[in-house]
Number of protein chains: 2
Amino acid sequence: MKVKAQRVNAIVQLIENNRVGSQDELLTLLEQLGFKTTQATLSRDLKALKVAKQPDYDGGYVYVMPENQVPEESELSYGDFPLGGILSLEFSGNLAVIKTRPGFANGIASVIDSHGPYEVLGTIAGDDTILLITRETVSRTGVVSGLSLFMPGIRDKVVG
Amino acid sequence: MKVKAQRVNAIVQLIENNRVGSQDELLTLLEQLGFKTTQATLSRDLKALKVAKQPDYDGGYVYVMPENQVPEESELSYGDFPLGGILSLEFSGNLAVIKTRPGFANGIASVIDSHGPYEVLGTIAGDDTILLITRETVSRTGVVSGLSLFMPGIRDKVVG
DNA sequence: ACTTTGCTTGTATAATTATTCAAGAAAAAG
DNA sequence: CTTTTTCTTGAATAATTATACAAGCAAAGT
């Protein structure tokens, strides 16, 4: 019976590509792909896959694959944009701290400055840290969206 | 109320050092440390801390801290810590400013970075000033406590 | 003083997730 | 082929976790 294998495969894809926040949500997504099952089975599948449920930065929850728990070095892309230099993005109040690889902070900060996204008032860069002052009226998801316009993949760097 | 800050600190320690598998379990551990609270509060604390619940190898579940930790060179001994370079530590909102003697800022900031205390999101250093961005959920005394773990005497530098 | 505002918390409950139980299906053994 | 064992699953339920609500409290303003 390879139904299970296919379903498990689909679950992995769905969790990696969408922001799945509950098992019922996952259940619906699977139905749209033609898998019909129950929440009980999903609970078992998720346990077998070691998928963790983590609080999201926007106030909800997300299921995350175990290897996504640790920022993956393998996906460093030094192509268009030196996103590989970015290790994490974390918020505190109306500030955001971007951790970079040593020496990257100034370069990345100047890229942000040159694009001047509305949500960002300004940046200050050290050697491996960028401090980002956000506009008072914008949300955190708004800031991330603004950055992602020219920093594709930045969402994956958001911590917590 | 610094009860919350202390409790949150304790939660972090407990989760990092023990194999906590449920909120009730955590509740018991906290009671043994003298904290009396309820499951509801723990749920909120864990959400704020972005602690994830992950299936464990042994068939159970564990709570895990978000993995934004720096590799552990934290065992380095800074026995002769250049505390003399520090002139003052002062808070403003969720920021702290450390004034140092000229030229000391970068060195001291990198020491803080290498220890990566939980309470501190990141630092940016100039020549004689370090800006320290603190985590939203921690108190000022919590920050000072976190720093004093490897910067004995820092308390004496706190202004106000 | 008195409000007001915002934060923290507990109770009770809702929502979600895990597991028990039984049953059906496939593989393995006889 | 028949029996036995192992897997997988759904339904029901247990267990766990999240949240609505209200109360308590402190800081800040009037």
Side-chain angles (χ1 to χ4, degrees), chain A residues 1-11 14-15 18-31 33-66 92-94 136 160, chain B residues 1-11 14-15 19-31 33-66 91-94 134-142 160:
Chain A
M1 189 61 78
K2 58 183 175 181
V3 173
K4 181 181 179 183
Q6 290 179 325
R7 187 188 60 238
V8 167
N9 215 18
I11 290 174
L14 286 171
I15 287 177
N18 306 281
R19 303 239 145 173
V20 183
S22 75
Q23 293 179 9
D24 276 334
E25 206 175 310
L26 183 55
L27 197 61
T28 307
L29 291 173
L30 281 170
E31 268 176 17
L33 291 182
F35 295 93
K36 88 175 189 308
T37 183
T38 62
Q39 176 266 325
T41 296
L42 292 190
S43 175
R44 285 185 278 248
D45 287 347
L46 292 177
K47 183 172 186 176
L49 287 170
K50 305 262 190 294
V51 175
K53 188 188 185 187
Q54 186 175 45
D56 205 358
Y57 62 83
D58 65 357
Y61 294 83
V62 246
Y63 281 95
V64 295
M65 296 298 296
S92 179
N94 61 326
E136 285 179 334
Chain B
M1 279 290 182
K2 58 183 176 181
V3 174
K4 180 181 179 184
Q6 291 178 324
R7 187 187 60 237
V8 167
N9 257 334
I11 290 173
L14 287 170
I15 286 176
R19 214 74 315 174
V20 183
S22 75
Q23 294 179 8
D24 276 335
E25 205 175 312
L26 182 56
L27 197 61
T28 308
L29 291 172
L30 281 171
E31 267 176 18
L33 291 182
F35 295 94
K36 94 175 190 306
T37 183
T38 62
Q39 175 267 325
T41 296
L42 293 189
S43 174
R44 286 184 278 248
D45 286 347
L46 292 177
K47 183 172 186 176
L49 288 169
K50 306 277 187 287
V51 176
K53 188 189 185 186
Q54 186 176 43
D56 204 0
Y57 311 98
D58 65 356
Y61 294 83
V62 246
Y63 281 94
V64 295
M65 294 298 297
F91 286 93
S92 176
N94 59 328
T134 70
R135 202 171 282 270
E136 286 178 333
T137 52
V138 304
S139 65
R140 293 175 182 194
T141 55

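Residue numbers start from 1 in every chain, and the chains themselves are labelled A, B, ... in the order their sequence lines are given, proteins ahead of strands.
OP1 or OP2 of dA18(C) lies within a sub-4.0 Å distance of a side-chain N or O belonging to Ser43(A). At the phosphate of dT9(C), OP1 or OP2 sits under 4.0 Å from a side-chain N or O atom of Arg7(B). An OP1 or OP2 oxygen of dG10(C) is reached within less than 4.0 angstrom by a side-chain nitrogen or oxygen of Thr37(B). At least one side-chain nitrogen or oxygen of Lys47(A) sits closer than 4.0 Å to the OP1 or OP2 atom of dT19(C). For Thr41(A), no side-chain nitrogen or oxygen approaches OP1 or OP2 of dT8(D) to under 4.0 Å.
Remark: P of dT19(C) and CG of Asp45(A) are 13 Å apart, rounded to the nearest angstrom. Atoms CZ (Arg44(B)) and P (dA14(C)) sit 16 Å apart, rounded to a whole Å. The distance between atom CD of Glu31(A) and atom P of dG10(D), rounded to the nearest whole Å, is 11 Å. Rounded to an integer number of Å, the gap from CD of Gln54(A) to P of dA18(D) is 12 Å. Atom CG in Leu27(B) sits roughly 11 Å away from atom P in dT11(C) (whole-Å rounding). One can place NZ of Lys36(B) at 10 Å from C1' of dG10(C), the figure rounded to the nearest angstrom. Atom CG in Leu49(B) sits roughly 12 Å away from atom P in dA18(D) (whole-Å rounding). What separates NZ of Lys50(A) from P of dT17(C) is a distance of 18 Å, to the nearest Å.
Side-chain contact between Tyr63(B) and Val51(B) is present, with heavy atoms from C-beta onward closer than 4.5 Å. Counting only heavy atoms from C-beta outward, the side chains of Thr41(B) and Arg7(B) approach each other to under 4.5 Å. Between Leu26(B) and Leu30(B) there is a side-chain heavy-atom pair separated by less than 4.5 Å. Between Thr37(A) and Asp45(A) the shortest side-chain heavy-atom distance does not fall below 4.5 Å. Leu27(A) has its side chain within reach of Leu42(A): a pair of non-hydrogen atoms, C-beta onward, lies under 4.5 Å apart. A 4.5 Å side-chain heavy-atom check between Ile11(B) and Leu46(B) finds at least one atom pair inside the cut-off.
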Sub-3.5 Å pairs of nitrogen or oxygen atoms, protein against nucleotides 13-16 of chain D:
residue : atom : partner  : partner atom : Å
dT16(D) : O3'  : Lys53(B) : NZ           : 3.4

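Lys50(A) and Pro55(B) make their closest contact through CD-O, 3.4 Å (heavy atoms, listed as atom of the first residue, atom of the second, distance).
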